[in-house]
Amino acid sequence: MALTGRTALLAALGTLPVGIWEPSWTGILAVNAPLALACACDFALAAPVRHLGLTRSGDTSVRLGDTADVTLTVTNPSSRPLRARIRDAWPPSSWQAGTEVAASRHRLTVPPGERRRVTTRLRPTRRGDRRSDRVTIRSYGPLGLFARQGNHKIPWTVRVLPPFTSRKHLPSKLARLRELDGRTSVLTRGEGTEFDSLRDYVPGDDTRSIDWRATARQSRVAVRTWRPERDRHILMILDTGRTAAGRVGDAPRLDASMDAALLLAALASRAGDRVDLLAYDRRVRALVQGRAAGDVLPSLVNAMAHLEPELVETDARGLTSTALRTAPRRSLIVLLTTLDAAPIEEGLLPVLSRLTQRHTVLVASVSDPHIERMATARGNTEAVYEAAAAAQAQAERHRTAEQLTRHGVTVVDATPDNLPPALADAYLALKAAGRL
């Protein structure tokens with residue numbers, strides 16, 4: 001039985017069923033000699049891999065949940081066409097589960113002396129820096145029988161930033177800020193406000209704001225308008241200790257705290273206040289100070305990109321001392337931490353007076369929405385027990401919040417979705433009351 005072409009190749013590799021081809025020494029030599037020659041020619045015609053030119057370009061940062069495109073440019077300096085399969089390797093967290101193979105592997109043909117581009121689309125699942133590993137290229141000959149393979153190191157880093165999902169609340173909070181700032185018809189007055197201008201009286205205005213001298217000069221009632229003071233200092237402190245590692249929903253508590261801090265920073269910088277950030281557990285994990293208003297958010301998201309909870313108990317005394325050094329003058333201290341009884345009663349309360357004597361203190365904490373759902377559960381014995389346990393947990397948090405309130409601290413306790421707007425509202429309320 002005479003075999004030629006692909007059938008001869010399959011027979012030589014032993015993949016034809018028994019009975020189709022009866023091997024003999026003559027047949028083996030007749031088939032293997034052309035096959036060996038074909039393989040040798042195929043190998044010789046495959047473009048070399050070692051001397052290929054590879055460069056990268058594309059995105060260097062991306063918000064968590066978005067996609068980043070990194071382009072790989074392959075230059076073929078040889079006189080043979082490059083027929084290649086490429087694997088662009090990145091850490092597993094650079095893609096969602098199950099999508100790595102499709103996203104990282106490419107087919108490419110590059111004529112002699114030309115270049116082509118392939119794009120790897122990343123969709124990271126964790127914050128921090130994602131660094132490329134290696135590019136593996138397998139170059140095939142025209143018959144696809146043999147291939148050359150090699151690896152290239154083409155460094156590239158994509159920084160994965162916090163998602164800042166609470167940005168959607170910023171327009172409504174800015175509208176409220178404009179009301180406080182005297183740029184709309186609703187104006188406020190507090191002990192920490194500044195005189196802005198005069199306008200005609202309208203029904204409903206506070207009679208204490210009437211300027212009687214201006215009224216006498218103009219023959220109509222004039223009122224003074226006030227605006228909250230600007231250039232106040234706000235120090236946001238992220239507790240990165242073990243309690244920040246507890247997961248609420250799909251993310252650690254620290255992520256929800258960072259989202260709330262970003263909304264507050266965006267709002268306060270628009271209000272003309274100076275915003276600093278301190279991340280601390282037993283040592284300083286991040287510190288952002290002295291940034292201009294336009295540079296606050298970029299600096300914060302870059303500093304937060306690498307933050308991860310540390311499985312250690314937060315040193316409350318060290319945190320307090322560092323906060324006092326970071327904010328030597330009167331400031332608003334916003335501490336994003338837990339309301340669990342033990343860390344507050346044993347750690348924060350004994351040193352809290354050092355902060356409240358000099359600064360206005362606001363404590364913001366992430367509550368678990370699952371506990372709230374458990375508290376309303378009914379219908380069977382198990383649900384009733386869950387509701388009782390949830391009610392006990394909520395009562396403990398309320399007692400802890402009351403203890404902080406008695407020390408002059410403003411407390412914000414809300415679920416991850418509600419914490420950012422609730423914290424922004426608390427800041428605006430303090431500003432309206434002239435307490436900043």
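Counting heavy-atom neighbours within 6.0 Å of R138 CZ, excluding the residue itself, gives a total of 12 or less. Counting heavy atoms of neighbouring residues, nucleotides and ligands inside a 6.0 Å radius, atom CZ of R115 does not exceed 12 of them. Annotation: N380, atom CG; neighbour count of heavy atoms from other residues, nucleotides and ligands within 6.0 Å is above 12. Dense packing is recorded around CZ of R247, with more than 12 heavy atoms of other residues, nucleotides or ligands lying under 6.0 Å away. Atom NE2 of H306 sits in a crowded spot, with more than 12 heavy atoms from other residues, nucleotides or ligands closer than 6.0 Å. Counting non-hydrogen atoms of neighbouring residues, nucleotides and ligands closer than 6.0 angstrom, the CZ atom of R167 exceeds 12 such neighbours.
S365 and R397 are linked by a side-chain donor-acceptor pair at a separation below 3.5 angstrom, with hydrogens and angles left out of the test. Using modelled atom types and a 3.5 Å distance limit, the side chains of R291 and S299 yield a donor-acceptor pair. Looking at R253 and T243, their side chains never bring a donor and an acceptor atom within 3.5 Å of each other. Donor-acceptor pairing under 3.5 Å is recorded for the side chains of T165 and D259.
Of the candidates L262, L300, L307, L262 is the only one forming a side chain to side chain contact (heavy atoms under 4.5 Å, CB included) with P162. None of T136, T119, T120 except one satisfies the side chain to side chain donor-acceptor pair (under 3.5 Å) rule with D88; the exception is T120.
With rounding to the nearest 0.5 angstrom, the CG atom of L278 is 11.5 Å from the CG atom of L336. Between the CG atom in L82 and the CD atom in E114 there is a gap of 11.5 Å [rounded to 0.5 Å]. The distance from atom CG of L362 to atom CE of M236, rounded to the nearest 0.5 Å, is 12.0 Å. Separation of atoms CG (L235) and OG1 (T326) is listed at 6.0 Å; rounding is to 0.5 Å. Here T67 contributes atom OG1 and R121 contributes atom CZ; the two are 5.0 Å apart, rounded to the nearest 0.5 Å. For the atom pair CG (L297) and CE (M304), the distance works out to 9.0 Å, reported to the nearest 0.5 Å.
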| task | Take H106 and V74, measure what side chain to side chain contact (heavy atoms under 4.5 Å, CB included) needs, and give me the verdict at the end. | result | CA-CA 12 Å; H106 312 277; V74 182; over 6 Å; no
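Here the side chains of L324 and S321 are not in contact, with every heavy-atom distance at 4.5 Å or above. Residues H233 and D276 are in side-chain contact: their nearest non-hydrogen atoms beyond the backbone lie under 4.5 Å apart. Side-chain contact check for H407 versus L404: every heavy-atom pair is 4.5 Å or farther apart. Contact annotation: the side chain of V284 approaches that of L287 to within less than 4.5 Å [non-hydrogen atoms, C-beta and beyond]. Residues P309 and T240 are not in side-chain contact: their nearest non-hydrogen atoms beyond the backbone lie 4.5 Å or more apart. You'll find the side chain of D425 reaches within 4.5 Å of the side chain of K173, heavy atoms only. Residues R232 and L332 have side chains not in contact (no heavy-atom distance under 4.5 Å, counting atoms from C-beta outward). Looking only at side-chain heavy atoms (C-beta outward), L267 and Y427 come within less than 4.5 Å of each other.
The main-chain N or O of D59 is found under 3.5 Å from a side-chain atom of W156 such that the two form a donor-acceptor pair. Checked by atom type and distance alone, the side chain of H359 pairs as donor or acceptor with a backbone atom of S331 at under 3.5 Å. For the pair S78 (side chain) and A47 (backbone), a donor-acceptor distance under 3.5 Å is absent. A donor-acceptor contact shorter than 3.5 Å is absent between the side chain of T415 and the backbone of D368. Under the 3.5 Å distance criterion, the side-chain polar atoms of R87 are left unmatched by any main-chain donor or acceptor of S104. For the pair R130 (side chain) and W90 (backbone), a donor-acceptor distance under 3.5 Å is absent. When atom types are taken as modelled, the side chain of D239 and the backbone of G241 share a donor-acceptor pair closer than 3.5 angstrom. One N or O on the side chain of S132 and one on the backbone of I154 form a donor-acceptor pair closer than 3.5 Å. Under the 3.5 Å distance criterion, the side-chain polar atoms of R127 are left unmatched by any main-chain donor or acceptor of L64. At least one donor-acceptor pair under 3.5 Å links the side chain of H152 to the backbone N or O of V49.
For the pair A266 and F164, the tightest heavy-atom approach, listed with the atom from each and the gap, is CB-CZ, 4.3 Å. Minimum interatomic distance between A393 and I371 (heavy atoms only, all atoms of both residues): CB-CG2, 4.5 Å. Counting all heavy atoms, side chain and backbone alike, R83 lies closest to P142 at NH1-N, 3.8 Å. Shown here for P420 and S166, the closest heavy-atom pair between the two residues is CB-CB, 3.5 Å. Between Y280 and T314, the shortest heavy-atom contact is O-CG2, 4.4 Å. Scanning all heavy atoms of the two residues, the minimum distance from T338 to I344 falls at O-CD1, 3.3 Å.
We find that E386 and R373 are not joined by a salt bridge, their nearest charged nitrogen and carboxylate oxygen being 4.0 Å or further apart. Under 4.0 Å is where a charged nitrogen must lie from a carboxylate oxygen, and between D66 and R123 no such pair does. A salt bridge between R176 and E179 is present, with a side-chain N of the basic residue lying under 4.0 Å from a carboxylate O of the acidic one.
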